[in-house]
Amino acid sequence: SGALDVERIREDFPVLDREFDGTQLVYLDNAATTQTPNRVIDAIGDYYREYNANVHRGLHQLSQEASIAYEEAHDRVAEFIGAAGREEIVFTKNTTESENLVAYAWGLRELGPGDTVVLTEMEHHASLVTWQQIAERTGADVAYIRVDQDGYLDMDHAREVIDDDTAMLSALHVSNTLGTINPVADLVDLAHDHDALAFIDGAQAVPNRPVDVEAIDADFYAFSGHKMAGPTGIGVLYGKQHLLESMGPFLYGGDMIEKVTFEESRWNELPWKFEAGTPSIAQGIALAEACDYLDEIGMGAIARHENELAQYALERFAEFDDIETFGPPAGEERGGLVSFNLDSVHAHDLSSILNDYAVAIRAGDHCTQPLHDKLGVAATARASFYVYNTREEIDVLVEAIDDARQLFA
Ligand SMILES: Cc1ncc(COP(=O)(O)O)c(CN[C@@H]2CONC2=O)c1O
């Protein structure tokens, strides 16, 4: 579809009308969390107002309605990412829990001395720390695919690092710090060439661009609802059915069982085996609504819009010789974010000054401390864009940065 009708889209997001001391909010922290459209907010309200009940088919009408809506939300998410069906869609709390589920339920049992988990230098702590810990517990090793000076994965190094000792590759689809879009299908092929599994962290991809997990051929794929116009408290783990069937549960308790005796327990069918206890029912139902909302805009159009804004931000930043930007060079496609530093002002100071102008960005390490060490910076400022952002908002950001520059001159 064509360009986004941003003005019309903005009407769906009440929070964008916020003003601080008469200054209109400019929300540019979407890689951290996106705002929530009325339709998604209403989906949550409707659940609690009209059919709040515990799920897994209690024998009364409300529970039937809640169960069906919650289960069908899995079908909708499967369709959104090109998965076969609900058996491959586990609802978790967030991307982090999805990563931990695989690390514990697959890694603890399958990894041992001599095995290697291959990560990338740009990994988010959700995967990097998780696999680092599981490797330590199992005696496995961890290796990192290098990132080059333009913020791209060094694929020659990837071909070297991924070898017959590799048991698992865990890689970002899109970097939340660099904006780099990784060649995930090629990475998965490399892992499969060496009989390794591949886990793709899609937290910054599913919300922002078309994702087809079967085309990528990922064994596992994770993302969060709150980064795709959905609520917090809901994340997704996609897993190939035969792998999820072969894995033991991650969390134990009610709903994830089929039969329990004093001697033993048998597990429920997929995906419920991995959904112990009362799930985030309203959030799961609202996530399906978010999928509808985004599909109506068009994921391809969203990716183009975000890249255009990122390129415009790079263009504006390039007007100043004291702004260093990170990630792929201007003109090369990237995710909808730009991390940058202003020479004379620490990212934290810049972020708090921008807040005085009602401009919301994020400053820090973005849960990629090893990458920041490699970049030689303690922190970066990051502007990240979504469907409701405009070029004019980037102009406001640049003007506010200029005021900050004067303040510290
Ligand atoms: C690439 C990536 N992986 C995993 C996560 C973890 O997601 P959850 O917090 O939903 O488990 C994030 C969150 N992004 C962080 C959160 O804030 N700012 C960021 O860039 C992320 O960007």
Side-chain angles (χ1 to χ4, degrees), residues 27-36 77 81 90-104 119-132 144-145 147 151 153 169-182 184 187 198-209 211 216 218 220-238 250 280 283-284 286-287 290 306 310 326-327 334-340 347-348 351 360-372 375 377 379-386:
Y27 183 78
L28 301 175
D29 193 20
N30 295 284
T33 202
T34 54
Q35 295 303 337
T36 315
V77 171
I81 61 169
V90 178
F91 280 176
T92 60
K93 189 166 66 261
N94 51 32
T95 303
T96 302
E97 185 181 305
S98 299
E99 307 248 16
N100 278 269
L101 191 161
V102 174
Y104 278 88
L119 304 169
T120 75
E121 289 182 332
M122 61 171 80
E123 277 324 287
H124 186 281
H125 294 163
S127 55
L128 194 152
V129 177
T130 306
W131 288 113
Q132 210 179 51
Y144 296 90
I145 299 171
V147 175
L153 285 184
L169 163 73
S170 187
L172 291 177
H173 193 157
V174 175
S175 166
N176 66 312
T177 297
L178 300 170
T180 309
I181 304 166
N182 289 324
V184 284
L187 287 165
F199 188 120
I200 300 299
D201 170 342
Q204 299 292 345
V206 167
N208 318 87
R209 63 193 54 256
V211 169
I216 294 168
F220 300 105
Y221 196 103
F223 54 100
S224 296
H226 68 95
K227 295 185 190 289
M228 54 183 286
T232 52
I234 193 78
V236 179
L237 171 70
Y238 159 80
F250 172 39
S280 301
Q283 291 84 343
L287 177 60
E306 288 192 24
F326 300 88
R334 61 157 69 201
L337 63 99
V338 178
S339 293
F340 63 97
H348 287 124
S351 175
I361 67 163
R362 186 157 292 260
D365 56 51
H366 315 300
C367 303
T368 58
Q369 284 180 13
L371 177 62
H372 277 77
L375 294 171
V377 289
T380 51
R382 183 188 65 190
S384 50
F385 316 110
Y386 209 35

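Note that ligands are numbered from 1 as they come in the structure, with each ligand's atoms numbered from 1 the same way.
- Scanning both residues, Leu128 and Pro370, for their nearest heavy atoms gives CD1-CG, 3.9 Å.
- Among His173, Met122, His124, the residue whose heavy atom lies closest to atom 2 (C) of ligand 1 is His124.
- Taking all atoms of both residues into account, the shortest heavy-atom contact from His226 to Thr33 is ND1-OG1, 2.8 Å.
- Put simply, OH on Tyr221 and CG on Asp201 are 8.0 Å apart, with the number rounded to the nearest 0.5 Å.
- When each atom of ligand 1 is checked for a heavy atom of His226 under 4.0 Å away, the hits are 8 (P), 10 (O).
- Counting only heavy atoms of the protein, atom 11 (O) of ligand 1 lies nearest to Thr96 OG1, 2.6 Å.
- Every heavy atom of Gly235 sits 4.0 Å or more from the atoms of ligand 1.
- For atom 14 (N) of ligand 1, the nearest non-hydrogen atom from the set Gln204, His366, Lys227 comes from Lys227.
- Remark: among candidates Glu97, Arg382, Glu123, Lys93, the nearest residue to atom 19 (C) of ligand 1 is Arg382, based on non-hydrogen atoms.
- When non-hydrogen atoms are compared, ligand 1 lies under 4.0 Å from the side chain of Leu172 (C-beta onward) but not from its backbone.
- Taking OG from Ser339 and CZ from Arg362, the interatomic distance works out to 11.5 Å, rounded to the nearest 0.5 Å.
- With a 4.5 Å cut-off on side-chain heavy atoms, Lys227 and Val206 do not count as touching.
- Nearest heavy atoms, His125 versus Gln369: NE2-N, 2.9 Å.
- Neither the backbone nor the side chain of Glu99 has a heavy atom within less than 4.0 Å of ligand 1.
- Residue contacts with ligand 1 for Asn176 involve side-chain atoms from C-beta outward but no N, CA, C or O (heavy atoms, distance under 4.0 Å).
- In Phe340, the CZ atom is crowded: over 12 heavy atoms of neighbouring residues, nucleotides or ligands sit closer than 6.0 Å.
- Those atoms of ligand 1 with a heavy atom of Ala31 less than 4.0 angstrom away are 14 (N), 19 (C), 20 (O).
- At a 4.0 Å heavy-atom cut-off, ligand 1 touches Ala32 through backbone and side chain alike.
- The nearest pair of heavy atoms linking Thr130 to Glu99 is CG2-O, 4.2 Å.
- At the top of the distance list for atom 3 (N) of ligand 1, counting protein heavy atoms only, stands Asp201 OD2, 2.6 Å.
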